[in-house]
Amino acid sequence: MSTLVIVESPTKAKTIRGYLPPGYRVEASMGHVRDLPRSASEIPANVKGEKWAQLGVNPDADFAPLYIVPTDKKKVVKTLKDALSQADELLLATDEDREGESISWHLLQVLNPKVPTKRMVFHEITQEAIQASLNNCRDIDSQLVHAQETRRILDRLVGYTLSPLLWKKIAGGLSAGRVQSVAVKVVVNREQERRAFRQGSYWDLKATLLKEKSAFDAKLYSLGGTRLANGSDFDESTGQITAGRQVVLLDETQARELQARLQAGVWTVSTVEERPNNRKPAPPFTTSTLQQEANRKLRLSARDTMRVAQNLYEQGYITYMRTDSVHLSEQAISAARACVQSRYGTEYLSPKPRQYATKSKGAQEAHEAIRPAGSTFRTPNETGLTGREASLYDLIWKRTVASQMAEARQTNITASIEVDNAIFRATGKRIDFPGFFRAYVEGSDDPDAAIENQEVLLPALAQGDALSCRQLEAIGHETQPPARYTEATLVKVLESEGIGRPSTYATVIGTIIDRGYVRLVNNSLIPTFTAFAVTALLEQNFPDLVDVHFTARMEQTLDDISTGEVEWLPYLKAFYSGDQGLETLVQERETQIDPTAARTVLLEDLDAKIRIGRYGPYVEIGTGEESVKASIPADVSPADLDSEQIERIIKQKVEGPDKVGLHPDTGEPIFLRIGPYGPYVQLGEPTDDNPNPKRASLPKGTQAEAVTLEMAVGLLMLPRKLGQHPETGASIKAGQGRFGPYIVHDQGKEGRDYRSLKGDDDVLTVTLERSLELLAQPKAGRGRKKVDPLKDLGAHPDDNESVAVFNGPYGLYVKHGKINASVPEGVDLEAISLEQALGWINAKAPAKKGKAGSKKASTSRTTKTAAASKASGTKKTTKTASTTKSATEAKKSTRTTAAKTTKTTTRRSTTPKSTAKKASEPPPETDD
C-alpha cells in the first residue's frame, strides 16, 4: 500500500521522511495552492466583466470567494496530482492551526482525491509525535476552515474596499487593513502624545555614605515630612506638578542651598526594613511572548523571529511556533525537570511540576507552548545550530527549563537616614536563593529595570547607627516624553487589547514598515506624516474600523465562528452589505472627502500646513500665488517638527542656501543646505561642466547652526588619508558613510577593513595612532559586511554571472549583479530554482530599449515569468497576459491596457517615493 503525505514546505517534508515507515511518499505544497486573485491578469475570463471581480469575493452570492490557482503553483499542483495518481491513501499533514486546516481544505478541493483521505496533525516533528499522529488521524475540521475563510474574506473586503479610497484621496501605494490600520493608529497616538508632551524639571540630592569603610548611595526622599517630587509627579501636558500632589519641588538654587546645609550635618540611621519576596519564573513562550523577548534580547524583528522559529520547527528542534497556549504536556514537563536536575541539582527543581493556565479565550492555535521538541531536550550545544537559529533555540530552551525551576528568593532592604529635617533612603536587594535566575531572567523594555535582577548590597545597618557623608551631590532631572513603541512593546499592546492574532503580528508590522507608515530607527517605530494623514481620514470617516475595542470585539467574533457559536454568513452580511455596511459607507464618504483636506496633516502649535505630496511630505505657508512649499527632510518625525525647523526649511527655499564662507583653496562658496535626508554642505553651485558639486552630510547630532567654515571644509575633504598601516603599507582613511563616521584600512584587492568611530572620536581630527588602536580591536557585529549566499542557483544564461539566494531584513531575495528581487511569500528556500529566480530578476530589471525580440521568444519568456510579473504591477501583468492571446485579442487587449495604464499613471502621480508600492494590490492579512 502506498500513502502520499502532503506538507507545506520541502524542509518539513525532508524532516518528516525520516520518521515515516516504508511506503510513504512526502511532497510539499509550497504553502497555499490556491487563493483569491491578486491582480487583474489572474481573474478568469468568464467573470472579468463582473463588478465584484476585482474584489475576488461576490457579496451577492453569499460572499462566494473566487479561488484561483496562481501561475507559480500550477507546476506544484501537477506534481501533487501525479503523486496522488500512484497512491492508495492521502494524508494531509499541514500545520495544526486555522491556516494549516485551510491549506488542507484547499488541497482537497484542488486535488479531488479518489482514494481515502485523512487529516494528520502534530505539534512537533519527532519520531513519537509522527507515529502518534499516524494512529490518530481525523477529518478536516470544517469550523476551523470556515473561521479561516471568514477572516480571509473579511480582510479582503476591508483592504480592497478602503485602499482604493486612500489612493484617490491621499496617495497611491497606500493600503488599509483590519489589523494593520489599528496598529498604525496605536503608533500614531503615541507620537501625538510625544508631541503634546511638555517637559518638566526637578532637582534632588544623592549622598555617598560610609558605614565604617563600606560605601553606599542614598537619595533624598522627603523634606520636612513631605515627599520630594520625582518624574511621576508631573503632568505630561503641562510640564508642571499634577494638581493635588503634595510634594516638595526643588529647583537648582534650592537644591544647592540644601546641599551646603546638609553636607556637614549629623547622619543617623532611623529605620531599617527588610521585606522577603519570592519571584516565580515566567511561563513558557507563546507566539507573542517569543516575538517580544527575541526583539528585546536578540534584536530580531517579529518577522525574522517567526522565520527562524519556522525553520527550527520544520527541522524538528521545537514544537509548533504559532500558539497562544502556555500549557506544557506531561512529556515536556518531565523533560524540563530532567534538565534542571542534571544541570543544576535537585534543590533547583520546583517542589512539584509547575503548570501554567492560558488566559486567552481564543488560545486555540495549538495545544502546547513553544518548547524544545521531543521527550528529552537537546541542550543548545548539542543541536549543532549556529547564528540566529542557535540564539533563538537557546532562548526557548532556557525559558522552558526555567519554568520548572524553584522560585528565586530575595530580600528587599530599605534604610531611612535622617539628617537635619531631611530623610534619605538607601535601597538594596539580597538574593537568598537564585532559583530559576540560574537559567533565565526575563528581558525588560526598560534598561533600568534590568538592574533589579542584580544584587545591590548594603552594609549591615541598624537603627541609631551613625554614618559619615563622603559626598553629597545636587542632581538635576528632566522628565521624558512617552517612549516610542518597539516591535516588542507594540506586539504586547496588540495582544493585550485583543487586536488581531499573534500569528499575524509579524506580517502586520512588516507591512506598515514596507508601506511607509512607520520607520524603524534604532529599534523604535516612528510613524510618518503619511501615517498621520491616513489615520486621520479613517478616524473621521470610519471610526469603528480603527477603534481598538471594536476591532477586539471583531476578533472575538471570529474566534466564536471557529467554535460554532456564531454563524459566519450573517456576520459578513451585517458587516459589509446593507445601508450600514462598509460598501455603502465607503460610497457615501467618497463624495464627501476633500482630497486636499485628506492630504493635510494638522499638528498643534504650527501655523504652517503639512501636506502629503507627490514626493513625500512638504510644508506650505501662505495661500494662492503667495504660498511657499518646501519638502520636509525624511528624518524629521511628526513629534519633533517645530516652528524653528519650518522657518529654516522655508528660508532656504525662499532665500536659497546659507553661505558658510569661501573655500580657502578654490575660492568657491560653500553652502549649507537642507535636503530630504537632513542638512549637508555643498561646494559651489551646479554648472553645465559640474552638474553635481561635491556634498557632505553633517555628522549625526551636529546642528546646522554649529557649522563653521573650518568644519565644512573638513567634511568636504572626506575621506581623508591618515597614513599607512605599518604592517601592510596600505592606506588608512577616515570618512563618513551611511552608518556614521569610520576609518578604513584599504588593502585594494585584499579587501577593506572598517571600524566605526567611537563617541569621543572626531572624523575630522582622528589620528593615525588612534585609527591603529581601533583597527586592533575585534570587529563589531554591526554594519555592512560580506554576506554568504544561502543557496547558489547557478550562472545567468546571458552573462554567466552567479545567481544566488540571500536572506535580507525583509526576507529571502535573489541576486544577480546589482539586481535584487524579493522571493514571494511562502516560497521555501530549497524549492527555489534558477528558472524561478530568472523570472523574478527579469521582472525587476529595468526595461531595455532597442529592437523588440521575436514574438515567440517574448511569449516564452513572459510565460516563464508570469508569477514574477504578477508582483510587478498592473501594467506589466496586463501586458504579460496579452502575449498569450490571439492576434485579434492582443490588439484589443493592448487598447484596453493603454487606457488602464493612463488611468493608473495618473493616480500614481501623487505617490510619495517612500510608499510607491503596488497601488492595485493591497496586501491581505492572514493568520500566516
Side-chain angles (χ1 to χ4, degrees), residues 1-37 42 44 65-122 125 129-142 144-146 148-149 152 313-314 316 320 824-833 835-836 863-864 866-867 926 928:
M1 181 175 174
S2 172
T3 301
L4 173 64
V5 180
I6 300 179
V7 297
E8 296 94 330
S9 75
T11 303
K12 188 175 176 181
K14 181 180 178 181
T15 307
I16 259 184
R17 286 190 190 105
Y19 300 131
L20 291 172
Y24 284 78
R25 175 179 175 179
V26 186
E27 294 290 345
S29 70
M30 312 304 297
H32 277 283
V33 293
R34 69 175 189 171
D35 199 359
L36 302 175
E42 292 187 335
L66 176 64
Y67 289 125
I68 54 99
V69 177
T71 305
D72 61 340
K73 290 298 175 71
K74 290 181 178 178
K75 186 176 180 181
V76 174
V77 170
K78 183 179 184 305
T79 300
L80 295 178
K81 284 185 174 181
D82 291 343
L84 182 59
S85 66
Q86 304 170 30
D88 301 310
E89 182 184 39
L90 173 63
L91 296 182
L92 300 172
T94 53
D95 293 339
E96 61 176 335
D97 59 2
R98 278 188 292 253
E99 187 74 11
E101 205 73 16
S102 177
I103 291 174
S104 283
W105 179 76
H106 282 291
L107 283 167
L108 194 65
Q109 301 301 308
V110 171
L111 299 179
N112 192 23
K114 307 300 181 186
V115 297
T117 301
K118 299 176 183 176
R119 179 81 168 96
M120 177 181 173
V121 293
F122 42 86
I125 305 177
I130 297 304
Q131 189 57 52
S133 65
L134 285 174
N135 297 331
N136 294 280
C137 291
R138 60 169 173 80
D139 294 330
I140 288 178
D141 189 328
S142 60
L144 281 182
V145 173
H146 278 313
Q148 178 59 23
E149 193 171 35
R152 186 72 181 91
Y313 164 68
E314 292 182 345
Y320 192 55
E825 194 77 27
V827 177
D828 191 83
L829 171 65
E830 295 184 16
I832 299 174
S833 65
E835 183 180 38
Q836 281 179 307
T863 301
K864 288 180 180 179
T926 61
D928 283 335

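All heavy atoms count here, side chains included; hydrogens, waters and symmetry mates do not.
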S.K.: Are the side chain of Lys73 and the backbone of Gly31 linked by a donor-acceptor contact shorter than 3.5 Å?
M.R.: no
S.K.: Using every non-hydrogen atom in the two residues, find where Gln836 and Ala831 come nearest and quote the distance to one decimal.
M.R.: OE1-O, 3.1 Å
S.K.: Just verifying a value: how many Å separate Leu20 CG and Met120 CE, rounded to the nearest 0.5 Å?
M.R.: 5.5 Å
S.K.: Taking the side chain as every heavy atom from C-beta outward, state whether Leu84 and Lys114 have any pair of such atoms under 4.5 Å apart.
M.R.: no
S.K.: Test: ring pair (Phe, Tyr, Trp, His ring centres under 6.0 Å). Region: residues 76-118. Which pairs qualify, not counting sequence neighbours?
M.R.: His32-His106, Tyr67-His106
S.K.: Which residues pass the salt bridge (Lys or Arg N to Asp or Glu O under 4.0 Å) test with Lys118, sequence neighbours left out?
M.R.: Glu89
S.K.: Tell me, which pairs form a salt bridge (charged side-chain N to carboxylate O under 4.0 Å, His left out) where one or both residues lie in residues 15-25, sequence neighbours left out?
M.R.: Arg25-Glu27
S.K.: For the residue pair Ile6 and Ser29, what are the closest heavy atoms and their distance?
M.R.: CG2-CB, 4.0 Å
S.K.: Hey, are the side chains of Glu42 and Pro70 touching, using non-hydrogen atoms and a 4.5 Å cut-off?
M.R.: yes
S.K.: Between Arg152 and Asp35, is the closest basic N to carboxylate O distance under 4.0 Å?
M.R.: yes
S.K.: So, Thr117 side chain and Val115 main chain: donor-acceptor pair closer than 3.5 Å or not?
M.R.: yes
S.K.: If I take atom CG from residue Leu107 and atom CG from residue Leu80, how far apart are they, to the nearest 0.5 angstrom?
M.R.: 6.5 Å
S.K.: Would you give the length of the straight line joining atom CG of Asp95 to atom CD of Glu8, rounded to the nearest 0.5 angstrom?
M.R.: 4.0 Å
S.K.: Which atoms form the tightest heavy-atom contact between Arg119 and Leu92, and what is the distance?
M.R.: NH1-O, 3.2 Å
S.K.: Atom CD in Glu96, atom CG in Asp141: separation rounded to 0.5 Å?
M.R.: 12.0 Å
S.K.: Tell me the side chain to side chain donor-acceptor pair (under 3.5 Å) pairs involving residues 129-139, sequence neighbours left out?
M.R.: Glu101-Arg138
S.K.: Begin with the C-alpha distance, continue with both residues' side-chain angles, and end with the deciding distance and a verdict on side chain to side chain contact (heavy atoms under 4.5 Å, CB included) for Phe122 and Ile16.
M.R.: CA-CA 11 Å; Phe122 42 86; Ile16 259 184; 3.4 Å; yes
S.K.: Output all residues satisfying side chain to side chain donor-acceptor pair (under 3.5 Å) with Ser9, sequence neighbours left out; order by chain, then residue number.
M.R.: Glu314
S.K.: Any heavy-atom pair between the side chains of Leu134 and Leu91 that's under 4.5 Å?
M.R.: yes
S.K.: With rounding to the nearest 0.5 angstrom, report the OH to OG1 distance, Tyr313 to Thr15.
M.R.: 9.5 Å
S.K.: Restricting to side chain to side chain donor-acceptor pair (under 3.5 Å), what partner residues turn up for Lys78, sequence neighbours left out?
M.R.: Asp82
S.K.: What's the verdict on side chain to side chain contact (heavy atoms under 4.5 Å, CB included) for Arg34 and Val77, showing C-alpha distance, side-chain angles and the deciding distance?
M.R.: CA-CA 9 Å; Arg34 69 175 189 171; Val77 170; over 6 Å; no
S.K.: Nearest 0.5 Å please: distance from the OG1 atom of Thr94 over to the CD1 atom of Ile140.
M.R.: 7.5 Å
